[in-house]
Novice: 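Take a look at this one; I'll ask things after.
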Amino acid sequence: MSRAATITGMYHAMLATLGPSRWWPGDTPFEIAVGAILTQNTNWRNVEKAIANLKARDLLSARAMHALDTGELAELIRPAGYYNIKAARLRNFLNFLNDEAGFEIESLKTQGMDELRSKVLSINGVGPETADSILLYALEMPTFVVDAYTYRMMDRHGLAHEGIDYHGLRSIFMDALPEDVSLYNEFHALIVRVGKDWCRKKAGLCATCPLQPFLDESP
DNA sequence: TTCCGGTCTG
DNA sequence: CAGACCGGAA
């Protein structure tokens with residue numbers, strides 16, 4: 001089976017076993033973008049507490065957050081961890097939104113994806129995973145999100161050569177799949193669920209994993 | 001007490 | 001390349 005067919009098969013196996021994910025957690029594109037930054041190197045549960053702090057004070061808007069000083073913002077997002085550096089990164093993102101979109105994140109949708117992606121990547125504190133999360137989940141643009149779970153899953157299944165970088169792995173998915181926002185959204189969500197519950201960093205639970213049929217040693 | 005997870009800087 | 005940045009779950 002070709003790698004592309006295998007990847008497609010893994011998607012259908014995960015979807016059949018786990019059901020649809022209904023991602024991304026977030027009520028608005030802006031909230032989703034904030035969540036994408038807060039979740040860097042952090043479990044989503046911690047991010048939810050930080051988002052709740054902002055919501056409880058009616059501060060979950062670009063203008064309101066921009067008006068906070070970085071120290072206040074840091075305290076509010078404290079539960080997400082790395083709160084000092086993330087406050088600075090959020091500020092960089094808010095400045096970008098102000099300059100590029102007049103604080104209206106959805107106005108970014110009029111830009112071409114590749115051009116916008118490189119602009120977002122140029123924000124200090126926004127790396128490739130965060131950029132793709134914002135483009136895919138907040139702006140509904142067809143870019144594939146790669147994360148630590150994606151690396152691990154592909155490595156364990158022998159589908160990514162050692163030392164492959166972010167964009168190499170992203171290309172594997174985007175070359176194998178049709179350009180489809182809903183598909184990329186659901187695929188990443190399923191990978192996260194499998195990564196957390198089966199393809200764990202230590203002691204992967206391969207025997208009961210939805211992707212067990214795709215392991216090399218399996219029949 | 002250890003484990004887990006992105007990005008930047010040195 | 002390694003180190004810095006953090007909280008919460010296991």
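Side chains included, hydrogens not; waters and symmetry mates left out as well; all remaining heavy atoms used.
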Novice: Write down the distance between OH (A/Y149) and C1' (B/dG5), rounded to a whole number of angstrom.
Specialist: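 Taking atom C1' of B/dG5 as the reference, OH of A/Y149 is at 7 Å.
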Novice: Might you work through the side chain to side chain contact (heavy atoms under 4.5 Å, CB included) test for A/L136 and A/M141, ending with a clear yes or no?
Specialist: CA-CA 5 Å; A/L136 177 63; A/M141 291 180 168; over 6 Å; no
Novice: Which sits closer to the 5' end of DNA chain B, A/K202 or A/G125, going by the nucleotide each is nearest to?
Specialist: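 Mapping each residue to its closest nucleotide by heavy atoms, the 5'-most match is A/K202.
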Novice: Between A/F144 and A/Y184, how do the two ring planes meet: parallel, tilted or perpendicular, split at 30° and 60°?
Specialist: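 The arrangement is perpendicular - the two ring planes meet at more than 60°.
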Novice: Tell me, which of residues 133-145 of chain A have any heavy atom that sits under 4.0 Å from an atom in DNA chain C?
Specialist: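 Under 4.0 Å from DNA chain C: no residue of residues 133-145 of chain A.
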Novice: Among residues 73-89 of chain A, which ones have heavy-atom contacts with DNA chain C below 4.0 Å?
Specialist: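 The answer is A/R78, A/P79, A/G81, A/Y82, A/Y83, A/N84, A/I85.
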Novice: Reckon A/T42 touches a base, only the sugar-phosphate, or nothing at all at heavy-atom distances under 4.0 Å?
Specialist: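 Base, at least one base atom sits under 4.0 Å.
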Novice: Do any pairs count as a salt bridge (charged side-chain N to carboxylate O under 4.0 Å, His left out) and have a residue in residues 127-147 of chain A, sequence neighbours left out, and if so which ones?
Specialist: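 As it turns out, the salt bridge (charged side-chain N to carboxylate O under 4.0 Å, His left out) pairs with a partner in residues 127-147 of chain A, which skip direct neighbours, are A/K109-A/E140, A/R117-A/D132, A/D132-A/R170.
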Novice: Could you state the atom-to-atom distance from CD of A/Q40 to P of B/dC8 in whole Å?
Specialist: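 The distance from CD of A/Q40 to P of B/dC8 comes to 8 Å, rounded to the nearest Å.
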Novice: Of all the choices, C/dA9, B/dT7, B/dC4, which nucleotide is nearest to the side chain of A/K49 once you look at every atom?
Specialist: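 Among the listed nucleotides, the one closest to the side chain of A/K49 is C/dA9.
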Novice: Rounded off to whole Å, could you give me the CG-to-P distance for the A/N46 and C/dG8 pair?
Specialist: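 After rounding, the reported distance stands at 6 Å.
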Novice: To the nearest Å, give me how far apart CG (A/L38) and P (C/dG7) are.
Specialist: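 Rounded to the whole Å, the gap is 13 Å.
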Novice: Dump the intermediate steps for side chain to side chain contact (heavy atoms under 4.5 Å, CB included) on A/E31 and A/K55, then the final yes or no.
Specialist: CA-CA 10 Å; A/E31 179 177 337; A/K55 273 190 176 172; 3.2 Å; yes
Novice: Run the salt-bridge test on A/D175 and A/R3 with the 4.0 Å N-O cut-off and return the result as yes or no.
Specialist: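 Answer for the salt bridge query: no.
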Novice: Which distance, rounded to the nearest 0.5 Å, do you find between the CD1 of A/I51 and the CD1 of A/I77?
Specialist: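 Here the interatomic distance stands at 9.5 Å.
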Novice: When the nearest nucleotide of DNA chain B is assigned to A/V126 and to A/R152 on a heavy-atom basis, which residue is associated with the more 5' position?
Specialist: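 That would be A/R152.
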Novice: How long is the line joining CG of A/D147 and C1' of B/dG6, in whole Å?
Specialist: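 Atom CG in A/D147 sits about 10 Å away from atom C1' in B/dG6.
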Novice: A/F96 and A/I123: which non-hydrogen atoms are nearest, and at how many Å?
Specialist: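 Looking at all heavy atoms of both residues, the shortest contact is CG-CD1, 3.4 Å.
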Novice: Just the rounded figure in Å: distance from C1' of C/dA10 to NZ of A/K201.
Specialist: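 Between C1' of C/dA10 and NZ of A/K201: 15 Å.
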Novice: Hey, does A/I37 reach any base, or is it just sugar-phosphate, or nothing, if we go heavy atoms under 4.0 Å?
Specialist: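 Since no nucleic acid heavy atom lies under 4.0 Å of A/I37, the category is nothing.
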Novice: Can you name the nearest heavy-atom pair linking A/V47 to A/A80, along with the distance?
Specialist: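 Distance-wise, the nearest heavy atoms are CA-CB, 4.3 Å.
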Novice: Figure out the CG/P separation between A/D197 and B/dG5, and round it to whole Å.
Specialist: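 So the two atoms are 13 Å apart, to the nearest Å.
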Novice: When rounded to the nearest 0.5 angstrom, what is the spacing between OH in A/Y149 and NZ in A/K201?
Specialist: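 Output value for this atom pair is 10.5 Å.
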Novice: For the pair made of CG in A/N124 and C1' in C/dA4, what is the distance, rounded to whole Å?
Specialist: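 Distance check: A/N124 CG to C/dA4 C1' gives 14 Å.
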